[in-house]
There are 2 protein chains.
Amino acid sequence: MVSDLNSWQTHGMTDRPAPRNARARVRAELTREISDAARRQLADTGSDGLSLRAVARELGMASSAVYRYFPSRDELLTALIIDAYTAVGDAATAAEAAIPRADLAGRWLAVCRATRAWALDHPHEYALIFGSPVPGYRAPTDTIDPAAKIPLLMLAILAEAPPAAQSRSAARAAPAVSMPRSVQADLHTLRAAMFGPGTGSTDSNEDGADDQRLGRAVMAWTQLIGSISFELFGHLNNVISDYAEYFDFQMRVIIRDLDII
Amino acid sequence: MVSDLNSWQTHGMTDRPAPRNARARVRAELTREISDAARRQLADTGSDGLSLRAVARELGMASSAVYRYFPSRDELLTALIIDAYTAVGDAATAAEAAIPRADLAGRWLAVCRATRAWALDHPHEYALIFGSPVPGYRAPTDTIDPAAKIPLLMLAILAEAPPAAQSRSAARAAPAVSMPRSVQADLHTLRAAMFGPGTGSTDSNEDGADDQRLGRAVMAWTQLIGSISFELFGHLNNVISDYAEYFDFQMRVIIRDLDII
DNA sequence: GCCTGTCAAGAGCAGTGCTCTCATTTATGG
DNA sequence: CCATAAATGAGAGCACTGCTCTTGACAGGC
């Protein structure tokens, strides 16, 4: 799960620990200015409208000079993608942190709502990370860590919920669905990556209730992003009018199906 | 729901009933050739790589001549979008038609699997219709009719299922979640648009089980596309390895939650 | 003080969408 | 049958893009 962010250092994207030289300082500053201008332009015209030349114009520099800081347009886009993942992850984290720890359902709902709110505020950045992969495509490995923040947040909340089998009312809990071994294996790997190996139930729960729940949690993550994408991209345009309420309804359904109390 | 496809005739996209002149015939032919070449190019390089000039080169004509048939690159893309919607809709319809009528769950599953199979076979076309809207965005009204085919297919299957309340085992059915009035209204409008006004339960089912089911059906449509997008765009790359099995698992969960027998 | 590495700027290449003009071909009405 | 009108193709050209290469200026380390 954890990837190497070290490769970034090769073209000095992230802030080095100590910008010793004045040179390095002004370089970092200009790098930020470029990516800020690019983000502004992205918000205006979308990822297709992002032009290195236009960014250079806005900053009053030659287009060729920008290449000193970002080796290509795609690298600039990658930087913006990482920024977007980080931004939406931070927004969700902050919203979740504001809810009392005991209110698991409230925390879950806060994550979902914050994600949607950020998406509505930054539609083009959202499309950049959750829409179709932009150019010749190829997900840089540097993006997977910031991209995992929100799903990890959701899984952490789920982990605090009482075990699925003994929750409030087992009758109301969603019934089990036959799960292929390969899916079981994937989910076990995911659980081990989160909580360390040997955690959770391999066979402790008679019908694999924990696996069912984890499988549904991954579905919930899909549903969250799918629903926001549908709203933003207009796929339910003449069907749902009050999308905020419909979104909340969906998330409440998921919370109940997941049996988060 | 039903939009005017007539505006298309202005630039002769659809096949007129009778191509009287030889001129009209060769025009329709060339229009097809252009859109075919464009689709081929789209499959190779994605929507960003689609170039009017390259299409013209492939057909051995001047780039300016293409504009006699498609007034802009965006209009060509719109034509491809409509074609893609139609293609995936036809694939789903054909797959569904091959299942015995009585096997509702099998028919539903066939629709889902066919949609995924088409998406894996035509990833760029899928990204075109279900990814982020391409350029300056704006969904042409001509696309909404072909886009509705699959969800309508799913709703038709759902309509054949026995009423939610009296189905196999009410205890196993998913529990109800409070539904805001605005969402209720949207769902009633949707139901009326499908089966005519006055159909379905306004208050006949005590806790609005039909509304719950319809709400979950829209969620299922979101989940289907969201899941395919996640697979295609790599959002679960290091989490799910056997995506085919995981996809089936998801759809089975949905079928059970929807209580399709 | 020199030398080396960093930097900005400009010119230039190949490509794009799109518009305009001009010549040619086709269909139609008198 | 022929003239007029419409439709079509080709070419040049504009403004723009990402990107590369070269040139000249500046600053930091020896």
Side-chain angles (χ1 to χ4, degrees), chain A residues 9-13 16 18-35 37-38 41-42 44-80 134-138, chain B residues 9-13 16 18-35 37-38 41-42 44-80 134-138:
Chain A
Q9 293 190 4
T10 47
H11 44 278
M13 283 294 312
R16 315 281 186 88
R20 328 170 309 279
N21 315 346
R23 191 103 109 191
R25 268 243 300 278
V26 70
R27 178 184 182 83
E29 207 167 305
L30 240 173
T31 305
R32 267 192 55 87
E33 271 184 54
I34 290 176
S35 87
Q41 200 174 114
L42 178 74
D44 282 355
T45 53
S47 69
D48 282 327
L50 200 168
S51 150
L52 267 184
R53 291 181 114 109
V55 169
R57 260 196 306 275
E58 182 176 331
L59 298 186
M61 66 195 326
S63 68
S64 55
V66 181
Y67 285 85
R68 298 266 174 205
Y69 299 87
F70 293 90
S72 76
R73 196 192 94 117
D74 284 7
E75 296 281 355
L76 214 188
L77 265 179
T78 301
L80 294 184
V134 203
Y137 157 86
R138 116 242 100 108
Chain B
Q9 294 191 5
T10 48
H11 43 277
M13 280 295 312
R16 315 283 187 86
R20 326 170 311 278
N21 315 347
R23 189 102 113 187
R25 267 245 298 279
V26 70
R27 178 183 180 83
E29 210 166 301
L30 240 173
T31 306
R32 266 193 56 86
E33 271 185 53
I34 291 176
S35 87
Q41 201 174 114
L42 177 74
D44 283 355
T45 53
S47 68
D48 282 328
L50 201 168
S51 149
L52 266 185
R53 291 180 113 109
V55 169
R57 259 195 307 275
E58 184 175 330
L59 298 187
M61 66 195 324
S63 69
S64 55
V66 181
Y67 284 84
R68 300 275 178 203
Y69 299 87
F70 292 91
S72 76
R73 197 192 93 117
D74 284 7
E75 297 280 354
L76 214 188
L77 266 179
T78 301
L80 295 183
V134 202
Y137 154 89
R138 118 240 98 110

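Within every chain, numbering begins at 1; the chains are lettered A, B, ... in the order of the sequence lines, protein sequences first and strands thereafter.
- Among the protein residues, B:Leu50 comes within range of the sugar-phosphate backbone only, with heavy atoms under 4.0 Å from sugar or phosphate atoms but none that close to a base.
- If you measure from atom CZ of A:Phe70 to atom P of D:dT17, you get 18 Å, rounded to the nearest angstrom.
- In this entry the distance linking CG of B:Leu52 with P of D:dT17 reads 19 Å, nearest Å.
- B:Gln41 has its CD atom 14 Å from the C1' atom of C:dG17, to the nearest Å.
- Atom P of nucleotide D:dA6 and atom CZ of B:Arg27 are separated by 16 Å, given to the nearest angstrom.
- Listed by residue number, B:Arg57 are the residues of residues 54-61 of chain B with a heavy-atom contact under 4.0 Å to DNA chain C.
- Counting all heavy atoms, side chain and backbone alike, A:Ala38 lies closest to A:Val55 at CA-CG2, 4.0 Å.
- Within the model, atoms CD of A:Glu33 and CD of A:Glu58 stand 10.0 Å from one another, a figure rounded to the nearest 0.5 Å.
- Considering every non-hydrogen atom in both B:Leu59 and B:Ala37, the closest pair reads CD2-CB, 4.1 Å.
- Between the CG atom of A:Asp48 and the C1' atom of D:dC16 there is a distance of 15 Å, rounded to whole Å.
- For the atom pair CD (A:Gln41) and OG (A:Ser47), the distance works out to 11.5 Å, reported to the nearest 0.5 Å.
- At whole-Å resolution of the value, CZ in B:Arg25 and C1' in D:dT8 are 18 Å apart.
- The heavy-atom pair separating B:Met61 from B:Leu30 by the smallest distance is CE-CD2, 4.1 Å.
- Rounded to an integer number of Å, the gap from CD of B:Glu29 to P of D:dA7 is 20 Å.
- Judged by distance alone, with hydrogens and angles left aside, the side-chain atoms of A:Arg68 form no donor-acceptor pair with the main-chain N or O of A:Arg27 at under 3.5 Å.
- For A:Arg73 and D:dC19, the shortest distance from a side-chain N or O to OP1 or OP2 is not below 4.0 Å.
- At C:dA8, one or more side-chain N or O atoms of A:Tyr69 fall inside 4.0 Å of OP1 or OP2 (strictly under the cut-off).
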List every contact pair, protein side and nucleotides 12-14 of chain C side both N or O, where the distance is under 3.5 Å.
residue, atom, partner, partner atom, Å
C:dG12, O6, A:Arg53, NH2, 3.3

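- The residue A:Leu30 sits close only to the backbone: its heavy atoms come under 4.0 Å of sugar-phosphate atoms, none of a base.
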message: If you apply the rule side-chain contact (heavy atoms from CB on, under 4.5 Å), what do you find for B:Ser35 with B:Phe70, and how did you get there?
response: CA-CA 9 Å; B:Ser35 87; B:Phe70 292 91; 4.3 Å; yes
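- Between A:Ser72 and A:Leu52, the shortest heavy-atom distance links the atoms C-CD1, 4.4 Å.
- With values rounded to the nearest 0.5 angstrom, A:Glu29 atom CD is found 11.5 Å from A:Ile34 atom CD1.
- Among D:dA10, D:dT17, C:dG17, the nucleotide with an atom closest to any side-chain atom of A:Ser51 is D:dT17.
- Remark: side-chain polar atoms of B:Thr45 are not paired, donor with acceptor, to backbone N or O of B:Leu42 under 3.5 angstrom.
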Protein-nucleotides 21-24 of chain D N/O pairs under 3.5 Å:
none

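- Rounded to a whole Å, the OH atom of B:Tyr67 is 7 Å from the P atom of C:dT19.
- Side chain of A:Ala65, nearest nucleotide from D:dT20, C:dA8, D:dA10: C:dA8.
- Here the closest non-hydrogen pair linking B:Ser63 and B:Ala56 is CA-CB, 3.6 Å.
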message: Please evaluate residues B:Leu80 and B:Leu50 with respect to the criterion side-chain contact (heavy atoms from CB on, under 4.5 Å), reporting the C-alpha separation (whole Å), side-chain torsions for both, the decisive distance (0.1 Å), and the verdict.
response: CA-CA 11 Å; B:Leu80 295 183; B:Leu50 201 168; 3.5 Å; yes
